[in-house]
Chemist: 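Following this message is one structure expressed as structure tokens.
Keep in mind it's a predicted model, so treat the numbers as computed, not measured.
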Amino acid sequence: MAVSSDSMLQKVFAKSPTFDSNKKVLGKSVGISGGVISCNERKLKSEDKIAVKASAEAGLKGLKSYEVNLDLGFDVVAQRELREKGFLGIRKTKLVCTIGPACCSLEDLERLAMGGMNVARLNMCHNTREWHRDVIRKIKKLNEEKGFFVSVMIDTEGSLIHVVDHGAPSSIKAEEGSVWVFTAKKFEGSRPFTVLANYEGFSEGIMVGDELVIDGGMAKFEVVERMGNDLRCKCTDPGLFLPRAKLSFWRDGKLSYHGLPTLSIKDWADVDFGVSEGVDFIALSFVNDANSVKNLKNYLSTKSSKSIRVLAKIETLESLQKLEEIVEASDGIMVARGDLGVEVPLEQIPTVQEDLTRLCRQLNKPVIIASQLLESMVECPTPTRAEVADVSEAVRQYADALMLSGESAIGLHGQKALSVLQMVSSRMELWSHEENRQSALHNSQLGDTLSDCIAEEICNCAVQMANNLGVDAIFVYTKHGEMASLLSRNRPYPPIFAFTSDSNAWMALNLQWGVIPLLVDLSDDMEANISKTIDLIRTNGMIKEGDAVLLVSDLTPTHATSTTFQSIQVKTIV
């Protein structure tokens, strides 16, 4: 592939040649092994009927001005960050905030959005559907009127046993040695040392001597007496009872209660609510196998014209035993470390997190690291140094997103907690770049068909080109977001600007590492798309003379005869 300023598009037919390491592009050596693109115009067999277009251009002259009124869907926060820090300073790790009573006003939501919130999570365990509807509509209003780009996720409650009432309006302390009665019988008012559970059969199969764990270890009790369907329990490990705390029973180091379905009747009603409100993601709690994920996705396909993504929450031992099939069936994963830490020995949680993060990247599924990232900031204005190290490790592992739970929902310092995630993420990403850590990443092949393999190899090579050439950004023009996702999988140094005309893909890409999704009306004229989008971004002051961008496309012109029509170009702005 010749590199020149006057060659616009030169066709290259190649399967596995390498870049000539003696060549230099944009002043930097190019060296990619096992790639698809070549600097020497080595050719593939024509019978493959694959036309992979590749070109590099040293100058971009005379860009036409277009009279366009396109809503790029460009998040005002990303615009600000781009202007202040430049392309390579944009944060790539996405941030998820759980919305609760501490941050549900329009003003609080706007501050979170301005602070970098990419996804707002609503936990259907808490509050009424009317409350959730109000929050969703506030977020959509901010997106429409203020130029934010915040996706909405609902989190199903799951068929779990939890506290309905524990005799106090908020949290209550369980002291060591105190004796409590756990019951499902409803009663008026509140009774001291009495806990009302939500499920009538909560005590079935429970024996004297079993251990009752509150919220993954916030407090522990021993069952000392069965009284019909009620349980009399003695506190063995003091701690806090939070509103709607989760209950789990253990015997000999194993859960002593099983059999509840993944989705309860209430969960199905919550799913219908999410469909009616047009949410972007549904996080499925207590997933134990791939079937529950598939069932929900099938149900959504019949209920919603919008493509709602389903995330599986990994929080049980059973889910770890069927991990790969669950990841493959889902659209993404949430590592719920709090509940997972109840069923898995504490010392194994770090390796489980790292292995799961790596698996998700290999299978090209976004992964959210959740639970207790900055737990101390529920009450304290600054995190512990250990919490900062925990957040840094998740970023170092290239997790797609980090999530605040109680820190934002009920905490006193939600804005500060979000700011900590933002600062730590940005600093760790910069360190990874300085240490050239991305070069150590290796991906296994995903594609089964030839066209899928071509797309995958083009994205692999595009990221290597972008890193080696030192370009400022990657622009990808994509139908449904798949190519943007494949680029993200490689964790490139420059940010990925994903232009798509698919509004579903636009919102879903908001959870992918390093991707800035932009909603545009793309045509089948690739050069017009490129000129138009670059001109728009330049007009808004977000790209300047001398910036170099690498362009990738999976758009298929209507006149194309090949099954795959993909391209890589490199342009500098003049």
Side-chain angles (χ1 to χ4, degrees), residues 98 100-101 121-127 154-168 170-174 180-184 194-206 210-223 231 233 235-251 253-267 270 283-288 292 312-320 334-344 346 349 370-373 375 378 403-407 409-411:
T98 302
R121 169 186 176 250
L122 298 169
N123 190 344
M124 301 306 291
C125 285
H126 307 289
N127 301 306
I154 64 169
D155 195 323
T156 64
E157 181 177 320
S159 296
L160 54 86
I161 305 170
H162 63 76
V163 172
V164 176
D165 183 23
H166 54 33
S170 58
S171 62
I172 188 171
K173 181 73 177 290
W180 296 66
V181 173
F182 291 77
T183 180
T194 303
V195 177
L196 178 62
N198 68 312
Y199 179 57
E200 288 186 4
F202 82 100
S203 63
E204 290 178 7
I206 304 304
D210 286 353
E211 184 178 46
L212 169 56
V213 177
I214 308 296
D215 263 349
M218 292 290 286
K220 294 180 181 179
F221 293 80
E222 180 186 351
V223 178
L231 299 176
C233 304
C235 181
T236 57
D237 193 357
L240 285 178
F241 255 123
L242 296 176
R244 295 181 68 82
K246 287 174 277 192
L247 312 179
S248 59
F249 293 93
W250 293 77
R251 185 182 306 147
K254 297 180 181 179
L255 279 173
S256 57
Y257 190 91
H258 297 278
L260 292 175
T262 299
L263 283 164
S264 66
I265 295 174
K266 176 184 180 297
D267 290 332
D270 288 339
L284 186 56
S285 295
F286 299 101
V287 174
N288 291 324
S292 55
K313 292 176 67 177
I314 304 300
E315 49 194 334
T316 67
L317 191 58
E318 288 178 78
S319 65
L320 291 180
M334 182 189 294
V335 187
R337 303 182 306 176
D339 289 303
L340 190 60
V342 178
E343 300 198 23
V344 176
L346 292 176
I349 293 296
S371 305
Q372 302 171 343
L373 284 172
E375 186 75 12
V378 171
M403 191 179 93
L404 295 176
S405 298
E407 301 96 328
I410 60 172

Chemist: Find the distance between OG (S371) and NZ (K313) and round it off to the nearest 0.5 Å.
Modeler: 7.0 Å

Chemist: Could you tell me which non-hydrogen atom of G205 sits nearest to which non-hydrogen atom of D210, and how far apart they are?
Modeler: O-OD2, 4.3 Å

Chemist: Counting N and O atoms only, with roles assigned by atom type, does the side chain of E407 sit under 3.5 Å from a partner on the main chain of S405, one being a donor and the other an acceptor?
Modeler: yes

Chemist: Quick check: closest heavy atoms across I214 and A245, and the distance to 0.1 Å?
Modeler: CG2-CB, 3.8 Å

Chemist: Let me confirm one number: the CG-CD distance from D270 to E157, rounded to the nearest 0.5 Å.
Modeler: 7.5 Å

Chemist: Excluding sequence neighbours, so at least two apart, what forms side-chain hydrogen bond (donor to acceptor under 3.5 Å, both in side chains) with T316?
Modeler: N288, S319

Chemist: Minimum heavy-atom separation for A184 to F202, with atom names?
Modeler: N-CE2, 3.7 Å

Chemist: Kindly give the heavy-atom pair with the smallest separation between A219 and P238, and that separation in Å.
Modeler: CB-C, 4.3 Å

Chemist: Identify, with sequence neighbours excluded, every residue that meets ring-ring contact (aromatic ring centres under 6.0 Å, His included) alongside F182.
Modeler: F221

Chemist: From F241 CZ over to D215 CG, what is the distance, rounded to the nearest 0.5 angstrom?
Modeler: 9.0 Å

Chemist: A side-chain contact here means heavy atoms from C-beta on lying under 4.5 Å apart; do I172 and L240 qualify?
Modeler: no

Chemist: Would you compute the distance between atom CD1 of I314 and atom CE of M334 and round it to the nearest 0.5 angstrom?
Modeler: 11.0 Å

Chemist: Closest heavy-atom contact between A370 and M403?
Modeler: CB-CE, 3.5 Å

Chemist: I want to check something: taking the side chain as every heavy atom from C-beta on, are L231 and I206 in contact at a cut-off of under 4.5 Å?
Modeler: yes

Chemist: Let me confirm one number: the CG-CH2 distance from L212 to W180, rounded to the nearest 0.5 Å.
Modeler: 11.5 Å

Chemist: Nearest 0.5 Å please: distance from the CG atom of D155 over to the NE2 atom of H126.
Modeler: 9.5 Å

Chemist: Given 3.5 Å as the limit, does a donor-acceptor pair link the side chain of T98 with the main chain of R121, or not?
Modeler: no

Chemist: Only one of T156, N123, L263 passes side-chain contact (heavy atoms from CB on, under 4.5 Å) with S285; say which it is.
Modeler: T156

Chemist: Show the nearest heavy-atom pair for residues N127 and P101, with the distance to one decimal.
Modeler: ND2-CD, 4.5 Å

Chemist: Not counting sequence neighbours, which residues clear salt bridge (Lys or Arg N to Asp or Glu O under 4.0 Å) with D267? List them please.
Modeler: none

